[in-house]
Each structure stands twice: as C-alpha cells, then as structure tokens.
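What follows is a short report on a single structure.
Chain letters run A, B, ... following the sequence lines, proteins first, then strands; residues in each count from 1.
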Amino acid sequence: MSLRLYNTRTRSVEQFVPLRDDGVRVYVCGLTPSAEAHLGHARSFMFFDVLRRYLVHLGYRVTFVQNVTDVDDRSIEASRTLAKPWYEVIEHFFGSFKRSMDRLGVLEPDREPRATAYVPQIVELIAALIATGHAYAVGDGVYFDVKSFPRYGKLSGRNVAELRVGARIAPGEEKRDPLDFALWKFAKPGEPAWASPWGEGRPGWHIECSAMSHSLLGEPFDIHGGGEDLIFPHHENEIAQSESVFPAPMANFWMHGGLLQFDGKKMSKSLGNFEPLSTLLDRHDPQAIRLLFLRTGYRKPMNFTEDAIDSATSGLRKLYAAYDLLRSAPPREADGATVTPFRERFFGALDDDMNTSAALAALFDVAGAAPQLAGEGGGPQAAALLHEALELLGISPHRRARLPAGDPLAAAGPALLARLREAFAEVAEADGDVRAAIDAAIAIRNRARRNKDFALADRVRNLLADGGITLADSKEGTTWTAASGG
RNA sequence: GGCGACGUAGCCAAGUGGUAAGGCGGAGCUCUGCAAAAGCUCUAUUCCCCAGUUCGAAUCUGGGCGUCGCCUCCA
C-alpha cells in the first residue's frame, strides 16, 4: 500500500508519486495576519502539519513552504483604526499566530516567506505577465487579463461567462473586465508602498504565492494546499498567473481542507464569529484540539463546540493511560506479530487519503486491547507503535500538556490558603504558600485516613474541593489537581 | 440563480456493492474507607424520505426534503 491523496485538480483520489527523486515540495497558503487567527486556521495548518509528518515518515525529504501575506487591505485598515503602523499590526497578529501554532505542536515550516520580502520577484513576475500580454497597467494598478488565459476556472469548475454575469467593477477600479484581478495596487497617500516600474504600490493578493512558490520550489511542485475557501478565486488566480508565464503546470496535487464552522456557520474574519485561537488555547489542551480535528476527515466540514473539545480531552486521556500501561508492562518473549494488525490498520488508513479518523480508531483499539497486550508480553511493541503513531499525529505522549499557561491557583489560591489556615492550626503555623498549605492539608487527611477518622478526611477533601482542588489517592500517594480557571 | 459538498446511535464520526469501525456520553459490575483513575460488560435488525437497479444497497441510479460552502476578503 502506498499513499493516495485526493486531488482537487482532477476531483479524484490519486496515487501520490513525487515528481522528483530528491524530495517532495509542498506549498501551503499561510495566514494573512491582519486579525487574530481562529480555530479554523488551526484546523487547516494542523492537517497539513500531519500530512508533512507522514510524508517524512514515508521517507521523503520534504521541503515545506508556508507563506505569510504580510501586506493587504485589511491590515492597512486595521492600522488606521488602531492608529498603529501597518507592520506593527502584522507583527502583533503574526506573533500571536506563531505562538498558537507552537502550542498546537505544528512544526515550523522549512521556509516561511513573507510577501514583502519578495517584492523584486513579484515585480519581475508582473513584468513578465505584461510582456507576454497577460497583464496591463491602468490608473489604479496592474491587472491580470483573465481573457488571456483560456483555462481560467478549470480548478474550481467555474464558467467564465457565468462568473461575469454577477461580477461588477468596484468604484475606483479601472480594470477592463470585472473578472480581472489586481497584481499591483498603486498606493494612496499614507499607504505602504514599494517601487515598481509602473508606480509605487503593493502586491495584490495572489501574486505573492506565484512569485514565492516559483522562487523557492519551481514548477511543478508536488502539493499545493490550503483551505477549501481558497479554491476560488485565490488558487485559480495563482494558476492563471504562474501558468501564463512558466512553462510547466504550477502544482501536481491541489489539496484543500474542509472549513470549520461555528454555530453552523463558517468561521470567518468578516463574520467575526469566533474566539481568537490564542485565548481558546488558554482554556483547552492543545493536544485535545488536535485529536478533535483528526477525528473528522480533513475534507469534511466540521462544526465546532466546546463540548467536542471536552470529549476529545477524555479520549486523549484514554490513549495516554493505555500508553503508560503498555510502556510499563514487563517485556517478555518479543512477539511483534501481535501488534502487526493494528499497525497495518493505522498506516493503511493514512495511506487512504489521510483517513485520520480510521487511523485513530486503530489506536483506540490498541488502547482497548492494552491490558491483554500487556499481559501477553506485547506491551513494549504496542507502546512503541502508539508512540510512533501518536508522534506522527502530533499528540505525542511525551509532550502532553501540563496545566495551561498561567497559575490555576492564582485566582482562588489566596482564599483557599486563608480557609485552610482557619481550619487547621497545623497549616496556620506552617508559613508557606498555597501549595505548601495544600500539602499540609493532604498530610492531615492521610493521617486521619490511617486513623480511620474518615469524617476528618472527608472534611479536608471537601474543603479543598471548594477551592477547586481535586484529590486522587493511589498506591504511590495522594496527588492533587487544580481546576483551570480557578 | 450557477457550481460543489454533506445528511450514519443521545452527541461526534469511519465506512462508497457483501451484511454497521472508533470516540464521547449513559447504564450495570469489579477495585477503592469515600472519591478519582483503571478494568469488565452492555448501549444502531439499521444508515434523512420515496421509488428503482441488484442474489445482495448506508454504499449505485432517479426524485424529494434539509444543512453547509464557493460565486466578495477568507484556512
């Protein structure tokens, strides 16, 4: 079995064969950091992260490029309303995005080119488009002439004549055809501007991807990815630009992720119906969010609810518990064959157009069989499989989340400390912080338990519970956890 | 209006011709002073509806109904 992927270009699942022997080249359309990123972005980038990890696992040398469109109309708008330079707006949102990606365990792209760093290449590409009759300069900028590219609409299945029916030319735009799109926009006073042969201005959306993928990967490269909403017009326009000038098709595989919905509607900047990813990650385990997304096929639309994250969190705990059990099981007669069926199911599912849902089901079956596997001496093999598989999915048991950022005791801590001091002389005397007080209370309770004074033991448990502290007894002793959010 | 996707248990979800994966939740039991964790067992005669093709359909065809996406900035 080998990897098969759905290709938007051909609308079918195809065998994935790298174009060159020396590696696989992937270009994913990244963020335009003109606003906070949301969970929908996370879903998309996380999927391509898993795809990338799997390609590496298959032995390919992968070059993974994800661009940053660091200049656009929206960030210029934001700079006016926030009274900050446009580049500070960009840096703010991009920094926030990068931190979120890091928390989600999304690996750094090999290259993360910024549009503004590729202006010379962009200008060069536009010049070539003009020279070959595919673009023209007018009063407000340079436009791509859609009529000059007969294949326009092929990727998205659009009919140019039908598109033209509803299309309008906005006031101030001097393009000749409503379908034509901007390659270069001349700067109005106060707007960011770069020099070009046609006048000072900035790149239009779309052209940066053609210029940067050409510079970094060439044509054709293996996989071009992005969200489903990029198929039209973004990717259609990229194809028109690139393929008008470069002799080869732009990319071999075009892959698109399904959109995340909130409340039955797509999350989007214009609807504003989302919570910033950064604050959502303060409340939930990033690995649970990964698990949640991987449970649904990447091409399917998916509705987001916080309950779903909670359910994924439970599932994650189950996988980790099984991993811990298997790992500590005594190795006996090495018999790798016992985990082979699970292994084949897991990798077979990924080969089948990245069916992470079915792959995960195989891992949950390993978890279900963990006690048996451990008993039969298959623990180490099964643990190794789980580790390898979970690492591939980016939910490694070795990087499981500790408590979310921020001290969960910060809010409720002082009140709890006061209460403990009031209730127990021993705690009052110990001059410590909340944590020390909790430890002291636990000591009191454990002494009470040994003395069979369960009324006192329960009083301690309840007192701590009121402060958001949950106790758990085990053979190794008593541990506590603080409810997040205090 | 045009194009496209989807509709599977209480919730989420895989499965695209051979007789319904998996997760969450729920129920019972074991263990535990209590609790948690963990373990065991159970939880869709049926896949939005109606017709058709077939020995056989959740899967194919036709027709409904419903939801969503793209057609404008979007992952």
Candidate nucleotides B:A75, B:A35, B:C40, ranked by approach to the side chain of A:Gln372 - the nearest: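 Closest nucleotide to the A:Gln372 side chain: B:C40.
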Could you please name the partner base of [N], counting Watson-Crick and G-U wobble pairs only when both distances are under 3.5 Å?
N     : value
B:C6  : B:G66
B:C60 : B:G52
B:G1  : B:C71

Taking only the [atom1] atom of each, what is the distance from [N] to [M] in whole angstrom?
N     : M     : atom1 : answer
B:A57 : B:C47 : C1'   : 11 Å
B:A20 : B:A44 : P     : 12 Å
B:C48 : B:C68 : C1'   : 15 Å
B:A13 : B:G56 : C1'   : 26 Å
B:A21 : B:G69 : P     : 32 Å
B:U61 : B:U16 : P     : 14 Å
B:U43 : B:G33 : P     : 32 Å

Nearest whole Å is fine: how far is [N] [atom2] from [X] [atom1]?
X        : N     : atom1 : atom2 : value
A:Leu464 : B:A36 : CG    : C1'   : 14 Å
A:Asn159 : B:G4  : CG    : P     : 12 Å
A:Asp473 : B:A35 : CG    : C1'   : 8 Å
A:Asn237 : B:U72 : CG    : C1'   : 13 Å
A:Gln66  : B:A75 : CD    : C1'   : 9 Å

Positions of residues 150-158 of chain A (non-hydrogen atom under 4.0 Å from RNA chain B), listed by number: A:Gly157, A:Arg158
Sugar-phosphate only, base, or nothing, as touched by A:Arg43 at under 4.0 Å among non-hydrogen atoms: nothing
A:Lys84 atom NZ: more than 12 heavy-atom contacts under 6.0 Å: yes
Neighbour count above 12 (heavy atom, 6.0 Å) for A:Lys147 NZ: yes
Rounded distance [0.5 Å steps], CD in A:Glu275 versus CG in A:Leu39: 8.5 Å
Donor-acceptor side-chain pairing of A:Glu306 and A:His284 below 3.5 angstrom: yes
A:Ser75 and A:Ser34: side chain donor to acceptor below 3.5 Å: no
Centroid-centroid under 6.0 Å between A:Phe97 and A:Phe45 rings: yes
Aromatic centroids of A:His206 and A:Phe181 separated by under 6.0 Å: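 Centroid separation for A:Phe181 and A:His206: below 6.0 Å.
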Nucleotide-resolved protein contact map, nucleotides 14-30 of chain B, B/S/- at heavy-atom distance under 4.0 Å: SS-----BSSSS-----
Residue met sooner reading RNA chain B from 5', once A:Phe48 and A:Ala367 are mapped to nucleotides: A:Ala367
Under 3.5 Å between N/O atoms: give me all the protein pairs with nucleotides 65-68 of chain B, atom names plus distance.
unit_1, atom_1, unit_2, atom_2, d
B:C68, OP1, A:Lys265, NZ, 3.0
B:C68, O2', A:Gln261, NE2, 2.3

Residue pair A:Asp70, A:Tyr87: steps toward the side chain to side chain donor-acceptor pair (under 3.5 Å) verdict: CA-CA 8 Å; A:Asp70 60 350; A:Tyr87 48 86; over 6 Å; no
